[in-house]
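Below you'll find the structure, written out as structure tokens, and then a few comments.
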Amino acid sequence: MTIRDTGHNSRVLGSVESWLVSAGRDRRPGSPLNVPPCPASNFVLGERRAYSRDDATPGWEALEEIVGGLEGGSSVAFASGMAGIAAIFDQLPTGSVVALPDDCYQGVAGLAKVGQSRGRWTLHRVAVTDTARWIEMCSLADLIWLESPSNPLLTVADLDTICTAPRKRGAILGVDNTFATPLNQRPLALGADVAVQSITKFIGGHSDLLGGVVTVTDANLLAGLRQARELAGATPGTLETFLAVRGARTLALRLERAQQNAMTLAERLSRHPNVTLTRYPGLASHPTHEAARRQLKGFGTIISFDVRGDALAADAVCAGVKLIQHATSLGAVESTIERRASITGQEHLPPALLRLSVGIEAVEDLWSDLDRALRKVAEV
Ligand SMILES: *Cc1c(COP(=O)(O)O)cnc(C)c1O
């Protein structure tokens, strides 16, 4: 895959794999190959940097350069994905209209609901697949928020149609691109104004940090996001950005391996006697498989499936796996599994739905772990 130069990055970017390995480095003679952590709040006055909440540290900028190149825009790094998303919502004037998918990250749904209850905006929930309604929302709403594939049902929105629909003057169309990663999907190239990555997930990739990066193409929006970060103080930590850059170096390899594993596991799960439904955009049986094929370079590493029986049966699978970690979050080297309806704000989901984030372990080890845990359920 070749990164197209949108003009927001001065360099010729070349292939994603090489960009991930080479971007965000200080090339001056004598510089360390990797930008070291810079534990500084303030700097000797007289140069560009005075105070890091206002002026960033070199480590944040390295991460911003890497992700900006991948997404095809200019990036702002935040303390978490939610901090970045909150900064986007913060751009809205009071009395705005927000359109949000019916299936989306529970933190974003929570943020939108709280804002509505405080009179900041009115909220419309729209089914991910209701493209006609999304097009309508583009001309009505001030913020059109999309997440594709969605969490945890993995529904793929018709982004290429929605992102090019005529928008209300000044409206912001944002895409949470965390599940796809910029390697599988580039919303800005499709016409979105904002692409969001929770760095906590695939780019960090090792379950050891919180971070977020928001990427935009509009200079005013970029200035607004930087101001929001500065005023709210939602700045990324220096160790976190160092680790995120380290994680980004291997993103292409990790994603390729985990995606292969996910495809194999999804196919086998879909035939398992103790699984009643398997959702994976790569399966022909998935309701939005065609959109996934059209829009995504790869089908991702997340599978959600329903265990035969009730919540207790699904909990028993989580308790039964040994190699797979019973933990929340996703996008790391290790596979994690979780019953999503047990999460606050996700009680509406099927009670026996498990979300599996597939890691880079040997696929046969993952399968025997899952299969053993699933078979035990039948014996209960
Ligand atoms: C995790 C996640 C977020 C929030 O990111 P944090 O880094 O946890 O704040 C937002 N959107 C999606 C899709 C996520 O998976």
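First listed ligand is number 1; within each ligand, the first listed atom is number 1. Below, each value reflects all heavy atoms present in this structure, side chains not excepted, and no hydrogens, waters or symmetry copies. Because the structure is a prediction, the values reported are computed rather than measured.
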Worksheet entry | Ring geometry between F299 and H289 (parallel below 30°, tilted from 30 to 60°, perpendicular above 60°) | tilted
Discussion item. With nothing but distance in play, are any N or O atoms of L210 less than 3.5 Å from an N or O of ligand 1?
Written reply: no
Practice prompt. Just need the protein heavy atom nearest to atom 12 (C) of ligand 1, so name the residue and atom and give the distance.
Written response: D176 OD2, 3.4 Å
Discussion item. So if I apply the side-chain contact (heavy atoms from CB on, under 4.5 Å) rule between I324 and each of T336, I337, V317, which one comes out positive?
Written reply: I337
Discussion item. Is there a path of hydrophobic side-chain contacts, each under 4.5 Å between heavy atoms, that joins M263 and L265?
Written reply: yes
Worksheet item: Please state which protein non-hydrogen atom is closest to atom 7 (O) of ligand 1 and give its distance, to 0.1 Å?
Response: T200 OG1, 2.6 Å
Worksheet item: Looking only at protein heavy atoms, which one is nearest to atom 8 (O) of ligand 1, and how far off is it?
Response: Y105 OH, 3.8 Å
Worksheet item: Taking the inter-plane angle between the rings of W145 and F89 on a 0 to 90° scale, is it parallel (under 30°), tilted (30 to 60°) or perpendicular (over 60°)?
Response: tilted
Worksheet item: Can R49 and N42 be counted as having a side-chain donor-acceptor contact under 3.5 angstrom?
Response: no
Practice prompt. For atom 2 (C) of ligand 1, grab the closest protein heavy atom and report residue, atom and distance to one decimal in Å.
Written response: K201 NZ, 2.5 Å
Worksheet item: Do we see a donor-acceptor contact under 3.5 Å between the side chains of T278 and S270?
Response: no
Practice prompt. For atom 5 (O) of ligand 1, grab the closest protein heavy atom and report residue, atom and distance to one decimal in Å.
Written response: S198 OG, 3.0 Å
Fill in: Closest protein heavy atom (residue, atom, distance) for atom 9 (O) of ligand 1
M82 N, 2.8 Å
Worksheet item: Salt bridge or not for R268 and D371, using N-O below 4.0 Å?
Response: no
Worksheet item: Of all the atoms in ligand 1, which lie at a distance below 4.0 Å from a heavy atom belonging to G211?
Response: 7 (O)
Worksheet item: Under a heavy-atom criterion of less than 4.0 Å, does C104 contact ligand 1?
Response: no
Worksheet item: Same hydrophobic cluster for V363 and V275, using side-chain heavy-atom links shorter than 4.5 Å among ILVMFWY?
Response: yes
Discussion item. Under a 4.0 angstrom heavy-atom cut-off, which atoms of ligand 1 come close to F179?
Written reply: 13 (C), 15 (O)
Discussion item. Checking contacts here: is it the side chain or the backbone of N151 that comes within 4.0 Å of ligand 1, counting heavy atoms only? Could be both or neither.
Written reply: neither
